[in-house]
There are 2 protein chains.
Amino acid sequence: MNHTHRLSSEEIATYVKVMSDPTRLLIIKLVSKKEYCVCQFVDMFEMSQPSISQHLKKLKSFGLVEETRRGQWRFYSLNTASDAIGIVHAIMNQISDQDERYIELINKERPVDCG
Amino acid sequence: MNHTHRLSSEEIATYVKVMSDPTRLLIIKLVSKKEYCVCQFVDMFEMSQPSISQHLKKLKSFGLVEETRRGQWRFYSLNTASDAIGIVHAIMNQISDQDERYIELINKERPVDCG
DNA sequence: TTTATATATAAGTAAATGATTATATAAATG
DNA sequence: CATTTATATAATCATTTACTTATATATAAA
């Protein structure tokens, strides 16, 4: 049982749009491997904290990522139960683990205690 | 030889964005089966001719579709030689041939001589 | 309980998007 | 050549997007 219902083309367009931003696309690639907290994304993407938060909010509101709070941090991970998991994987499969930008991000990864 | 080079995540985001509009998404689905002229799209989507033309222009400018002129018509088809053909297929595979909206479009298809 | 840290939210803004209407172009037809 | 038909392009506009700065909230630490 792969899925309960296929998404409509309209729904697919919506999810594709959510993933059409380069930052969100790479956030999804990252969380598909492991969880990250907001401050780690801020470090890796070298973007403002509100900007990262807003991208995460969008991803979460469309059900693509999950949030778990631990201490003062909020960790984000891929929602593998999402209706959109099929498209997510279809698109993620297009991004190589050797992608230059992705490698750059990984190299900038710092421990959770961002201080 | 599947492809000469993998696309960067930035390029993938760009192509994903081009396909993130519901009209363009279905145009690609349609041309992946056979060629259509502009007036057929106008009929099927019940959209204005300039709007359709602009969507086609965008798809063509990103190399996703090809244009061939025959008589007074311009036919559009999938550019199977596109760098983006991998993502295109990955996303198209998510859209069922039984998709409601897609079937609707097919049912509204009229012969090329639109007059 | 004050202060620092992590994150979210609000408000504002410039740029991009997708439509519309009007007009231009180019081929076919009379 | 004048007219029709098919399509493209230009100009305009409302909406959405992704950022910024400023502020709020919530947890942890001192």
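In what follows, chains carry the letters A, B, and so on, assigned in the order in which the sequence lines appear, proteins first and then strands, with residues in each chain numbered from 1. Just so you know, these numbers come straight off a predicted model, no measurement behind them.
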A:Y76 side chain near C:dA8 phosphate (N/O to OP1/OP2, under 4.0 Å): yes

Is it true that B:F41 and B:Y36 have ring centroids separated by less than 6.0 Å? yes

If each of B:G71 and A:Q72 is mapped to the nucleotide of DNA chain C with the nearest heavy atom, which maps nearer the 5' terminus, i.e. the 5' end? A:Q72

Sort out the partner of D:dA30 for me: Watson-Crick or G-U wobble, both distances under 3.5 Å, none otherwise. C:dT1

Between C:dA6 and A:R74, is there an OP1 or OP2 to side-chain N/O distance shorter than 4.0 Å? no

What's the CE-P distance between B:M47 and C:dA19, to the nearest Å? 4 Å

Presence of B:S51 side-chain N/O under 4.0 Å of C:dG18 phosphate oxygens OP1/OP2: no

Value in whole Å for how far the P atom of D:dA18 lies from CG of A:L56: 13 Å

Atom CD of B:Q49 and atom P of C:dT25 are separated, to the nearest Å, by 15 Å

More 5' along DNA chain D: B:K57 or A:R70, using each one's nearest nucleotide? B:K57

Residues B:L25, B:S20; criterion side-chain contact (heavy atoms from CB on, under 4.5 Å); working and verdict: CA-CA 7 Å; B:L25 193 70; B:S20 72; over 6 Å; no

Does A:E67 pair with A:K57 as a salt bridge, N-O distance under 4.0 Å? no

Is there a side-chain contact between B:I52 and B:F45, using heavy atoms and a 4.5 Å cut-off? yes

Provide, to the nearest angstrom, the distance between the CH2 atom belonging to A:W73 and the C1' atom belonging to C:dA8. 17 Å

Whether B:D21 and B:K58 form a salt bridge (side-chain N of Lys/Arg under 4.0 Å from carboxylate O of Asp/Glu) is what I want to check. no

Rounded distance in Å - NE2 (B:H55) to C1' (D:dA8): 15 Å

Using the six-membered ring of B:F75, assess whether NZ or CZ of B:R70 lies under 6.0 Å from its centre and within 45 degrees of the ring axis. yes

Shortest side-chain distance from A:C37, nucleotide among C:dA8, C:dT7, D:dT7: C:dT7

Sequence neighbours excluded, the answer for side-chain hydrogen bond (donor to acceptor under 3.5 Å, both in side chains) partners of A:E104 is none

Nucleotide nearest A:S48 (side chain, heavy atoms from C-beta), chosen from D:dA18, C:dG18, D:dT21: D:dT21

In whole angstroms, how far is the P atom of D:dA6 from the CZ atom of B:F75? 11 Å

Whole Å only: how far is the NZ atom of A:K58 from the C1' atom of D:dT17? 7 Å

To the nearest angstrom, how far is A:F45 atom CZ from D:dT20 atom P? 14 Å

Nucleic acid contacts - residues 10-34 of chain A versus DNA chain D, non-hydrogen atoms under 4.0 Å: A:K17, A:D21, A:R24

With a 4.0 Å cut-off, would you call B:R6 and B:E11 a salt bridge? no

Confirm from the modelled atom types if A:Q54 and D:dT20 form a donor-acceptor pair under 3.5 Å, side chain to base only. yes

Under 4.0 angstrom, heavy atoms only, what part of the nucleic acid is A:F41 near: base, sugar-phosphate, or nothing? nothing

